[in-house]
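For reference, the structure discussed in these notes is given below.
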2 protein chains.
Amino acid sequence: MKEFEYLLSSLEKHMPLTAYEKKLIVSKLIYKHISKREILLKPGNVANYTIFVNNGCLRQYFINVEGVEHTTVFGVRGYWLTDINSFLNKCEAKFYIETVEDSEVILLSNDNQAELFELIPKLNIYFRMIYERVVSAKDERILSMLCSRADERFLQFLQCYPNLDSRIPQYLIASYLGVTPEFFSRMKSKMAQDLPKNKK
Amino acid sequence: MKEFEYLLSSLEKHMPLTAYEKKLIVSKLIYKHISKREILLKPGNVANYTIFVNNGCLRQYFINVEGVEHTTVFGVRGYWLTDINSFLNKCEAKFYIETVEDSEVILLSNDNQAELFELIPKLNIYFRMIYERVVSAKDERILSMLCSRADERFLQFLQCYPNLDSRIPQYLIASYLGVTPEFFSRMKSKMAQDLPKNKK
DNA sequence: TAGATTTCTTAATCTAGATCAATTGTTATC
DNA sequence: GATAACAATTGATCTAGATTAAGAAATCTA
């Protein structure tokens, strides 16, 4: 039960839960330890699960026709992650989901989620609220892609994912920012150079 | 009551509603006719309402420090629109919301929405599902900004908003795509030029 | 229907970031 | 601890799209 503590406390931030309800919820969940660089979802497959990140870091990414990876989102502790279109419509996923470091995740299958919505309707409140916040975060990201330069987007990334930059390879950050690793490298050293100047 | 028909039918696609519930819902809504270029929300104010577009077209946009407008989303018939962060947290909005053409909208205030969630809990299902789809759409847009060129993004825009391009000025489309009006103009004529070649 | 305002186009020049290619660091693996 | 595989840097060149500036169309509005 300890493994589900963090998720349950996240639920209880939004609504009270009885001991029975908690037990019911946990009975529908799968806890998993996954090591670095394991693929949880691949394009072509169906996203049968939505994934709660209990520890570690995952990412969702897309590979375009030229074979270039584009990271749409990182999932760190407390994040829910899935190819939502595939999960909702049981159609083919277009995104990969992969661990970036050794991670612990909690899986909730589409069917189990549907059952839980039936049995504990107030879970709709929880997911409604989760999605509200996801929408808000995605709006920020869209805005950032629309009107910020790569260096500003990097600063926003640092805000959004504190300390993550030291945990993951920088070509992944580049793929999240939408620049090449080469450009990111140059940009980073330029920013470090300019920083002392700004401080003066 | 006729004015709310489309919204109610949209609700009923997701769940059955009794006559009483429908009446209750309608009693919490405000129907409004607004003419072109009216501003419904401004940065600095709080987004007290979420807006259902019954007819016409609105857009949400941001103005950056240089005074350049960036359109994050268009709202056409059936869309819900608000500065979600401001609406949820009653904090200052950062986005404008404005009509692009004469429009009819339905306003639902934050307080009334909360009341309705209390009185008709299954509305949580509706909004949960609406937000799921919004998240999916925003994922698409993020991906598009990350890995498509402006001309490809334009084609995606046409798919996403059929016929809208003929209804709105093209500098608005440019601001949605994230390019200057000048570049958009040139790109468009280049695309028209290249089209016949592709057909051969 | 004329003038004013807004929108769109075209051209010249400029820049953020891409691409290609080579080099150096850093991690894994046997 | 040597070799291979992967990650990061650096430099030269190229391009999508920005900027500035001007004029042409289209639209309002009186």
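Keep in mind that the numbers below use all heavy atoms, side chains included, and drop hydrogens, waters and symmetry copies.
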Practice task
May I ask you to evaluate whether A:Ser185 reaches the phosphate of D:dT9, defined as a side-chain N or O under 4.0 Å from OP1 or OP2?
Solution key: yes
Handout entry: Expected output: side-chain B:Asn112 to main-chain B:Lys28 donor-acceptor under 3.5 Å
Key = yes
Handout entry: Length of the CG-C1' vector between B:Asp151 and D:dT15, whole Å
Key = 13 Å
Practice task
Measure from NZ on A:Lys188 to C1' on C:dA16 and round the result to the nearest Å.
Solution key: 20 Å
Fill in the blank from the handout: Residues A:Arg149 and A:Asp151: closest non-hydrogen pair is NH2-OD2, 2.9 Å
Completion exercise
Sorted by position of nearest nucleotide on DNA chain D, 5' first, the leading residue of B:Lys36 and B:Met187 is B:Met187
Fill in the blank from the handout: Among the nucleotides C:dT7, D:dA16, C:dG17, whichever has the atom closest to the side chain of A:Ala150 is C:dG17
Problem - Qualifying side chain to side chain donor-acceptor pair (under 3.5 Å) pairs with a residue from residues 157-168 of chain A, counting only residues at least two apart or across chains - result: A:Glu101-A:Arg167
Practice task
Please work out which of the three classes, parallel, tilted or perpendicular, describes the rings of A:Tyr126 and A:Trp80, given edges at 30° and 60°.
Solution key: perpendicular
Handout entry: is_close_aromatic(B:Phe74, B:Tyr79), centroid dist under 6.0 Å
Key = no
Practice task
Would you indicate what A:Arg186 reaches in the nucleic acid, counting non-hydrogen atoms under 4.0 angstrom: base, sugar-phosphate, or nothing?
Solution key: base
Handout entry: B:Arg59 NZ/CZ over B:Tyr176 ring centroid, <6.0 Å and within 45° of normal
Key = no
Exercise for the section: Rounded off to whole Å, could you give me the CZ-to-P distance for the B:Arg37 and C:dT5 pair? Expected result: 15 Å
Completion exercise
note: B:Phe154, atom CZ; D:dG17, atom C1'; distance rounded to Å ~ 16 Å
Handout entry: DNA chain C contacts made by residues 155-182 of chain A, counting heavy atoms under 4.0 Å
Key = A:Gly178, A:Val179, A:Thr180, A:Glu182
Problem - Between P of C:dA18 and CD of A:Glu66, the distance in whole Å - result: 13 Å
Practice task
Quickly work out the B:Lys190 NZ to D:dT15 P distance and round it to whole Å.
Solution key: 12 Å
Completion exercise
When rounded to whole Å, the CZ to P distance for the pair A:Arg149 and D:dA18 reads 13 Å
Practice task
Mind checking the NZ-OG1 spacing from B:Lys36 to B:Thr99? Nearest 0.5 Å is all I need.
Solution key: 9.5 Å
Exercise for the section: Would you mind reading off the distance between A:Met145 atom CE and C:dG17 atom P, rounded to a whole angstrom? Expected result: 10 Å
